[in-house]
Amino acid sequence: MPELPEVETIRRQLAPQLIGRTFVAGDAHESVKFAPALDAVGATVTDVRRRGKYLIFDLDDGAEELIGHLGMTGSFSRTAAEGEHPACTAHDAWVRAVWRMDDGNDLVFRDVRRFGRLRVVTAGDYADIPTLRDMGPEPFDPAFNGKVLHERLQGSRRAVKTQLLSQRPVAGVGNIYADEALFLAGIHPLSRRVGRARADRLAETIVAVLRAGVDNGGTTLRDYVDAEGDAGRNQHDLVAYGRGGEPCVECGTALQTRTIDARTSTFCTRCQRV
DNA sequence: CCAGCAGCCTGAAAGC
DNA sequence: TGCTTTCAGGCTGCTG
């Protein structure tokens, strides 16, 4: 599932191909999740940014933004133009949006499970995108540290993992990297009390696992591919996520799996303290 | 305002 | 073999 490293990988690949290009036509799935893709037709891409797990295409020097979320199975790719007019059906059954660019290529958004979303907003107006509006600091921003994380975790009494997945303490952490960061920090996912010292450690491990994910081109468990269609390599480095029943790399205890907030969580009952 | 949870989606894998 | 059930889960929006 695309989290910060996967989205960042895609951003880096798309940016040089799209900056300066104009959307000259488009086609989109009828769902309200994808139809807004057509609102970008006529606009020129002036930058391709990322905020948490959201891709943000700046349009017309910042007047508007095309915002994309990959959901569970979303992916972007570029292909030579297919047909005289862009059409989702010219590709495969899971393509939800196609934009024809002024360089004769198509930008394609494919999303099997349709958990993704596309929309165009006035620049910076995220009133209708609550997760983006309330998003915490970027983990790679120098301003993000244990002090900031500690303060932001104080705002809620919910379990630390639940808070991380909300995107409010810090941007871009999903289920995989949350399990990894909590494991490396020695913090139980159900902990409701993360003091300053543990917050310092957690901030460090969050940055470390996300950086490793970017360096490895993302984590591919099943669906994720980058904008070139290639899988990531970070799945080989995971030490907690998806390893329930296997021995903890630190102490050898069998890792435990349980559902927290309808999501699978894997952790070590010995190394990770509540 | 906050916590908790149903619903959105579909293919792969497991179960029978 | 083939049908049915379970599972994966980010985010939205509703409810108490």
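Below, read A as the first sequence line, B as the second, and so on, with proteins coming before strands; counting in each chain starts at 1. Predicted model only: the values in this text are computed from it and were never measured. Heavy atoms only: backbone and side chains are in, while hydrogens, waters and symmetry mates are out.
Here the C1' atom of nucleotide B/dT10 and the CZ atom of A/R110 are 12 Å apart, to the nearest Å. Rounded to whole Å, the distance from CZ on A/R152 to P on B/dC2 is 13 Å. Rounded to an integer number of Å, the gap from CZ of A/R114 to C1' of C/dG9 is 17 Å. Per the geometry, CZ belonging to A/F115 stands 12 Å off C1' belonging to B/dG11, to the nearest Å. If you measure from atom CG of A/D223 to atom P of C/dG9, you get 12 Å, rounded to the nearest angstrom. As rounded to whole Å, 18 Å separates atom C1' of B/dA3 from atom NZ of A/K161. Following rounding to the nearest Å, A/E3 (CD) and C/dA8 (C1') show an atom-to-atom distance of 13 Å.
The A/K33 side chain lies nearest to B/dC9 when the options are C/dG9, B/dC9, C/dC11. Between C/dG10, C/dT12, C/dA8, one nucleotide has an atom nearer to the side chain of A/R117 than all others, and that is C/dT12. With C/dA8, C/dC11, B/dG4 as the candidates, the nucleotide lying closest to the side chain of A/T264 is C/dA8.
Using a 4.0 Å heavy-atom criterion, one finds that A/Y177 contacts no nucleic acid atom at all. Counting non-hydrogen atoms under 4.0 angstrom, A/P2 reaches nothing in the nucleic acid. A/S156 comes within 4.0 angstrom of the backbone, heavy atoms only, and of no base. Within the nucleic acid shown, A/I176 has no heavy atom closer than 4.0 Å to any nucleic acid atom.
Contact of the A/L182 side chain with the A/F267 side chain is not registered, since no non-hydrogen atoms from C-beta on lie closer than 4.5 Å.
Put simply, A/Y241 has no side-chain N or O that comes within less than 4.0 Å of OP1 or OP2 on C/dA8. When the side-chain nitrogen and oxygen atoms of A/Q167 are compared with OP1 and OP2 of C/dC11, one or more of them lie within a distance under 4.0 Å.
A/R113 contributes a side-chain N or O that forms a donor-acceptor pair with the base of C/dA8 under 3.5 Å.
With no hydrogens or angles considered, a side-chain donor-acceptor pair links A/D226 and A/Q13 at under 3.5 Å.
Remark: A/R100 engages A/D106 in a salt bridge, criterion side-chain N to carboxylate O under 4.0 Å.
In terms of modelled atom types and a separation under 3.5 Å, the side chain of A/D134 and the main chain of A/R168 share no donor-acceptor contact.
In this structure, A/F76 has its ring center under 6.0 Å from that of A/F57.
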